[in-house]
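One structure is given below, represented as structure tokens, and several questions about it will come after.
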Amino acid sequence: MKNPEIASIFFKMADILEMQNVQWKPVAYRKAARAIGELSEDVEEIYKKGGLKALKEIPGVGINIANKIAEFIENGKVREYEKLKKSIPAGLSSLLEVPGLGPKKAMLLYKKLKIKNVQDLEKAALEHRISKLPLFREKTEENILKGLDIYKKGRERVLLAYAMPIAEEIKTALEKKAERVEIAGSLRRMRDTVKDIDILAVSSKPLEVIQIFVSLPFVKSVIAKGETKSSVLLSNSMQADLRVVPLKSFGAAMQYFTGSKDHNIELRKIAIAKGLKLSEYGLFRKERQVAGKTEEEVYNALGLSYIEPELRENTGEIEAALKGKLPLLVSVADIKGDLHCHSAYSDGDNTIEEMALAAKKRGYEYICISDHSKSEHIANGLSEQMLFKKIEEVKRVNKKLKGIRVLCGSEVNILEDGSLDYSDEILKKLDVVVASVHSKFRMPKEEITARLVKAISNPYVHILGHPTSRHFGKREEMGIDMEALMNAAKKYNVALEINSAPARMDLRDAYVKKAVEKGVKISVNTDAHSTDELKFMEYGIGVARRGWCSKNDVINTYSLKEFMKFLKK
DNA sequence: GCCGTTTTCGGCCCGACTGTTTTCAGTCG
């Protein structure tokens, strides 16, 4: 899949053009780069099937960018990019990654002090050469050093599940003073990874709320502190932003602060077309506020039905809202069971009975204990003999417990040739079979696709576990022909899993959306290895919602009776 | 460079904070 590479080229082109003070093109390149990066289809496939015309269908891609994509696919190079790279020293655009430095200042530093990279920048700042420049006094030099500190630590995206508890903690602290506090930004949109924490508060005394915010024990330094907003750097190197607004602006501020940026820009364009102005303070006709207290009010006043935060990515939700055709999204409350969990039989921490009781406590009707299969030695995969023992144990627990049904399953390894590591005779004895890849992740696209299709064509397989096997910070997703895989999933009536483990979140949102469009069933599971991890369901449901899933698309919203029908195929 | 129920040319979201210099540019979200 060349999408990330192509997106990265356009981002870099945007940076260079911005340094050269070129107007608007950077905006256009970044927009196209984002669209390509989030795409579920492989641009190479799009081009091979439909040529330039098909490429132009991608939002933000016009004829010029389409030509550049084609050029990259054909020749592995974009001439315009090669030319741009030569126009400025390599490394200069890395200055843009230093917080506080933008294209104007970076270019000035290059012209006046011959600063070509971050090393030069640090040296110049330490030698106090920067503060001697016009427009750059002592404060700016100090801020550059602070910015370099942040740059060096790397402002990488962190897992949703890592950031959420910190956001909750900030929220709780601010609630002592503010009338209302909400988590906004990409956290509220449930993106699988986030860069910072955005908090919105309602208060008539904003300064007092901001004071609490900047004084939190885990705040390392204050980046900005004004009368309505403040930004801080946390001790874990994440940035947190707080915005404080009056009650009458709460909805508009929530809308603004939730994003995404592209979604907001589209909304503001709609407002302009209607002779209105949308900002975080409300929707205005001239001076008069026509909406803003609630988000519903803002969307409705723009002629749209309310759009759930998870959908706000400018990927078709605005058009759907205009027509009133948004899906009714699945929610955690709809979930009747978890179909992929581990017990102490393989590599889990808890007994089957403990897992079952924890599931009951969550209000589930059923839970499937799917321990690893025999070839997964590292995770204590079950031999046939142990599997028989486990089947008896499940029977015992079901006799003992009321109000929860334990299903006996297995997470069966998909071997290199697409066969499974238990025979059909064994699989037949299980309630639920989840088939997953745990080895040989790097295979040519055709081979990996054939391998997965063969696995799910097995009549005893119900769910394809973590379909792409991506793992944040460890492993890229396998290069699968998604179109072919989804067609096969539909044909064999196999559900694709959304694995809610925070470092997986696999299948990802864009693929889920595509699967739902095709009528492929989804199963949202936690892959819990302890009772505590059953809570990850919240994150998997976030992915499902971002993928436009309704309740009916998700098999584990079925009642036990309906679900048993699905299992028979 | 993209895009079009006010445009195929002329627009391109809106506002806060900071640092510098006295009214604003640059940066950020």
Side-chain angles (χ1 to χ4, degrees), chain A residues 10 13-14 17-19 21-35 55-69 80 84 95-109 130-131 133-144 146-147 150 155 184-186 194-200 206 210 214 222-232 239-245 249 252-253 255-284 302-303 314 319 322:
Chain A
F10 291 148
M13 288 178 76
L17 288 165
E18 193 155 56
M19 304 268 256
N21 205 20
V22 175
Q23 299 298 301
W24 301 117
K25 283 194 195 185
V27 180
Y29 275 113
R30 286 197 186 109
K31 191 172 179 186
R34 272 197 303 275
L55 288 177
K56 279 183 66 187
E57 298 284 308
I58 302 168
V61 174
I63 186 63
N64 288 297
I65 290 184
N67 272 320
K68 290 181 179 75
I69 296 171
E80 184 72 22
L84 279 173
L95 294 187
L96 296 180
E97 286 166 45
V98 179
L101 274 192
K104 299 274 166 27
K105 283 183 185 164
M107 212 52 191
L108 205 65
L109 288 168
I130 291 173
S131 55
L133 291 175
L135 293 168
F136 288 80
R137 289 269 183 271
E138 286 77 10
K139 229 14 190 295
T140 312
E141 194 170 71
E142 257 176 56
N143 283 340
I144 285 175
K146 276 190 204 164
I150 296 170
R155 288 267 305 283
S186 48
V194 301
K195 213 169 70 187
D196 51 19
I197 293 172
D198 296 315
I199 307 281
L200 178 71
I210 287 173
V214 299
V222 179
I223 299 167
K225 182 184 169 203
E227 291 178 9
T228 66
K229 67 185 259 190
S230 170
S231 296
V232 297
Q239 184 176 321
D241 301 320
L242 170 69
R243 193 74 197 251
V244 190
V245 296
S249 298
Q255 195 290 308
Y256 153 77
F257 217 26
T258 297
S260 68
K261 188 186 172 80
D262 288 343
H263 174 90
N264 286 358
I265 289 174
E266 286 310 309
L267 240 50
R268 287 173 179 197
K269 284 183 188 166
I270 292 174
I272 291 169
K274 288 181 180 291
L276 302 166
K277 187 183 71 169
L278 177 62
S279 75
E280 57 266 50
Y281 294 107
L283 185 64
F284 295 88
L302 289 172
N314 192 28
E319 292 81 349
L322 275 167

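We use all heavy atoms of the structure for the numbers below, so side chains are in, but hydrogens, waters and symmetry mates are not. The chains referred to below are lettered A, B, ... by the order of the sequence lines, with proteins before strands, and numbering in each begins at 1.
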>> Does dC14(B) have OP1 or OP2 under 4.0 Å away from a side-chain N or O of Tyr281(A)?
In response: no
> Where the side chain of Gln239(A) is concerned, which of dG29(B), dG15(B), dG1(B) is the nearest nucleotide?
Replying inline: dG29(B)
> Between dC14(B), dG1(B), dG29(B), which nucleotide has the shortest distance from any of its atoms to the side chain of Ser279(A)?
Replying inline: dC14(B)
>> Categorize Lys68(A) for me: base, sugar-phosphate, or nothing, with a 4.0 angstrom heavy-atom threshold over every strand shown.
In response: sugar-phosphate
> Taking atom P in both dT22(B) and dG26(B), what distance in whole Å separates the two?
Replying inline: 14 Å
> Out of dG29(B), dT27(B), dG1(B), which has the shortest distance to the side chain of Lys104(A)?
Replying inline: dT27(B)
>> Heavy atoms only, 4.0 Å cut-off, all strands: where does Glu280(A) land among base, sugar-phosphate and nothing?
In response: sugar-phosphate
> Looking at the side chain of Lys261(A), which of dC12(B), dT27(B), dG29(B) is the nearest nucleotide?
Replying inline: dG29(B)
>> Centroid distance below 5.5 Å plus an interplanar angle below 30 degrees: do Trp24(A) and dC2(B) meet both conditions?
In response: no
> Can you check whether Val244(A)'s main-chain N or O pairs, donor with acceptor, with Thr228(A)'s side chain at less than 3.5 Å?
Replying inline: no
> Between Phe136(A) and Leu109(A), is any pair of side-chain heavy atoms under 4.5 Å apart?
Replying inline: yes
> Looking only at atom C1', what distance separates dT7(B) and dC12(B), rounded to whole Å?
Replying inline: 13 Å
> Please give, in whole Å, the distance from dA25(B) C1' to Gln23(A) CD?
Replying inline: 13 Å
> How long is the gap from CG on Leu283(A) to CG on Leu276(A), to the nearest 0.5 Å?
Replying inline: 4.5 Å
> Looking across every strand, which nucleic acid part, if any, lies under 4.0 Å from Lys277(A) by heavy atom: base, sugar-phosphate, or nothing?
Replying inline: sugar-phosphate
> For the side chain of Ala28(A), counting heavy atoms from C-beta on, which of dG1(B), dG29(B), dG26(B) is nearest?
Replying inline: dG1(B)
> How is Tyr256(A) classified with respect to the nucleic acid when contacts are heavy atoms under 4.0 Å: base, sugar-phosphate, or nothing?
Replying inline: base
> Within this structure, what is the CG-to-C1' distance between Asp198(A) and dC28(B), rounded to whole angstrom?
Replying inline: 12 Å
>> Only pairs with both distances under 3.5 Å count, Watson-Crick or wobble alike; so what is the partner of dG26(B) in this structure?
In response: dC17(B)
>> Using whole Å, what does the distance between atom P of nucleotide dG29(B) and atom CD1 of Ile265(A) come to?
In response: 14 Å
> NA contact type, Val61(A), heavy-atom cut-off 4.0 Å: base, sugar-phosphate, or nothing?
Replying inline: sugar-phosphate
>> Classify Pro26(A) by what it touches in the nucleic acid, base, sugar-phosphate, or nothing, heavy-atom distance under 4.0 Å.
In response: nothing
> Reckon Ile63(A) touches a base, only the sugar-phosphate, or nothing at all at heavy-atom distances under 4.0 Å?
Replying inline: sugar-phosphate
> What is the per-nucleotide protein-contact pattern of nucleotides 17-23 of chain B, from the 5' end, where B denotes a base atom under 4.0 Å from a protein heavy atom, S denotes such proximity for sugar-phosphate atoms only, and - denotes neither?
Replying inline: SSSSS--
> Which nucleotide in the list dG1(B), dG15(B), dC13(B) gets nearest to the side chain of Asn64(A)?
Replying inline: dG1(B)
